[in-house]
Amino acid sequence: MAAIMPNFGLRQLPLLNKFRSTLPTSPPPSLYLYRSSSSMSLPVAVSSNVSSSSNEDSEEPKLNTGTLSITIEEPDNRNKNKKAKPFFPKRGETLELVCESLAFKGKGLCKVEETGYVVMCDRALPGERFVGRVTRKKNNYAEVTKVKTLSPHTDMVEAPCEYALHCGGCRTQNLLYEAQVRAKEEQVRDLVVHVGKFSYKDPDFNNMMKPIVPCDMQFHYRNKMEFSFGPKRWLPKEQLLERSEDANVYALGLHAPGFFDKVLNVDKCFLQSEPANKVLAAVQDCWRNHELGLSPYDCHSHDGFMKHLMIRSGRDVDTKLPQLMVNFVTSSYKPELLKPLVDKLSVFPEVVSIMNNVNTAVGNTSVGEQEYTLYGKATITEMLRGLSFEISANSFFQTNAHQAEILYKLVEDCADLKGDGSEIVLDLFCGTGTIGLTLAKKVKHVYGYEVVAEAVSDARRNAKLNGLHNATFIQGDLNKVSESFGNDFPKPDIVISDPNRPGMHNNLIKLLLKLKAPKIVYVSCNPATCARDLDYLCHGSVEQKLNGCYTLKSIQPVDMFPHTPHIECVCLLELR
Ligand SMILES: C[S@@+](CC[C@H](N)C(=O)[O-])C[C@H]1O[C@@H](n2cnc3c(N)ncnc32)[C@H](O)[C@@H]1O
């Protein structure tokens, strides 16, 4: 039975509904090849959930990438005796492959003909036939790089961005959007079954798996982009010969996929707003001028001044007009060097804030030890579900505010508040308090926990700004919760948990299982760790000494980031 599309007052893509009616009730073909063995290793972003605290942005994480052994369920008897033949590719060997589906990090999942051996390839898209060269071997699969496309993928479209094929930002711009979301939906299903250990055979399974909510704004949706400066431009192989002189010119742009030290020069990005692109163009136009004496930071020699250019977009609360914050991340504090850029950018009516984060560390992070306001205010504003939020340079804020409206509506629907002001909400990983505050008017009290001190002060300021006095925000590391954690607040009726990519720490899961709130709404930006945590909360784990006591009522993927591999999910769990 096909899953029923809830309304949510959202525009749905007609083509998606067409796909939906054919959604498999058993694993997609890409997984059949594993049938012969009872367990396998897939490249999933899961480690043991002993993650460290961090101020990660939800869509640009530092992953603990590892492999995870999972048991494959046999949905029927058709392939029971079909065994993948043993096959051991050698490094450097070339293989002719067909991409079957998209898997973790948007990599193309392929199988070697005849043997069924699994191969993962970056930037291979479903239906594409190509020659791949083996670069790495893992236990049960190999990674290949694409050498040559023999025939293109199905659902191919022309990517509007000239950098789409080489930039580390977008991976699937030349795949029809409807096919992108279909692939994401399938990925969540697979993970829920194979990592979460929920069964296709369960009569409630299809009802529980809600269809993906697509994003109706497929370009210009990102309100924060971070560009890097570099001493040399990275050029894709095929451009090296004809544009070799370009390679020695300073770069400002996005990283080549997988390389922290290779910068693809970018004059325009289709993911950020038009006013943000004007700012990028203005910086590109002048920063190489020798008279300005601006040098890009070299992450090998650690010389140079300009590290990153961050552009954040928001809206004026009264006029609803766009507002921009420009943040220069530099290796030292030399405001006189930045002055010509500040003078040039401050004439843009949208630019209301120019910041300088000074980061003297050798790492690549954009958070400075010191922050200075070079022009205007230190914050910009954005609206979310009728509330106003002040956002500083380094605080977490949903990067797609347009789709965050929809995400938060889904959270509120799952919370299903009584509206009589009697309930207690525990907002874990609350960031700047956005989810808790959007619920605060309907509940008795919100308790928010967050590790980043600046985000906690932003949350407190945002509560005041919106006249909300029933929200308490506490700075704390949720990876290090003690037994007494539950004594710090009244028993919650609803727990919202929105961790970053590593998911929830075992200690926290243990405490949630002890706390026994009637409802948990789990918001996740990593379906793999989400599936693992759902397994613990619902089925428990003898090994981890966890007694699962929740029922997964629904899991709904939401596409927050078209053309990228990222998937958000909203899950509702109810106490058994
Ligand atoms: C995905 S964001 C969610 C933020 C917020 N719920 C929202 O919707 O804007 C995850 C948040 O968890 C915070 N965080 C990460 N590790 C943490 C930890 N160990 N303890 C508490 N908060 C943590 C991050 O700083 C970040 O603000």
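Remember, it's 1-based here, ligands and their atoms both numbered in the order they're listed.
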Ligand 1 versus [X], non-hydrogen atoms closer than 4.0 Å: side chain, backbone, both, neither?
X      : answer
Phe429 : both
Cys430 : backbone
Thr434 : side chain
Val452 : side chain

Pair [X] + [Y], salt bridge at N-O below 4.0 Å:
X      : Y      : result
Asp458 : Arg461 : yes
Lys377 : Glu390 : no
Lys444 : Glu423 : no

N/O to N/O below 3.5 Å, does that happen between [X] and ligand 1?
X      : value
Asp427 : no
Tyr449 : no
Leu478 : yes
Val451 : yes

- prompt: Would you call Gly436 a ligand 1 contact, heavy-atom distance under 4.0 Å?
  reply: no
query: Looking at ligand 1, does Cys525 have a heavy atom less than 4.0 Å from it?
result: no
field: Option of least heavy-atom distance to atom 7 (C) of ligand 1 (set: Phe389, Tyr408, Phe397)
entry: Tyr408
With a cut-off of 4.0 Å, which atoms of ligand 1 are near a heavy atom of [X]?
X      : result
Asn479 : 19 (N)
Ile435 : 6 (N), 8 (O)
Asp477 : 18 (C), 19 (N), 20 (N)
Asn500 : 10 (C), 15 (C), 16 (N)
Gly476 : 20 (N), 21 (C)

task: Mind telling me whether His563 and Phe219 have parallel, tilted or perpendicular rings, with 30° and 60° as the class edges?
output: parallel
query: Phe489 vs Tyr449 aromatic rings, parallel, tilted or perpendicular, using cut-offs 30° and 60°?
result: perpendicular
message: For a quick test of reading the model, state the closest non-hydrogen atom pair linking Ala393 to Asn327 and the distance between them.
response: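 Closest approach of Ala393 to Asn327, heavy atoms only: CB-ND2, 3.7 Å.
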task: Output all residues satisfying ring pair (Phe, Tyr, Trp, His ring centres under 6.0 Å) with Phe348, sequence neighbours left out; order by chain, then residue number.
output: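 Partners of Phe348 under the ring pair (Phe, Tyr, Trp, His ring centres under 6.0 Å) test: none.
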query: Are any side-chain N or O atoms of Lys307 and backbone N or O atoms of Ser331, one a donor and one an acceptor, separated by less than 3.5 Å?
result: no
query: Are the side chain of Arg312 and the backbone of Ser392 linked by a donor-acceptor contact shorter than 3.5 Å?
result: yes
task: Write out all pairs satisfying ring pair (Phe, Tyr, Trp, His ring centres under 6.0 Å) with one or both partners inside residues 353-381, taking only residues at least two apart or from two chains.
output: Tyr333-Tyr372
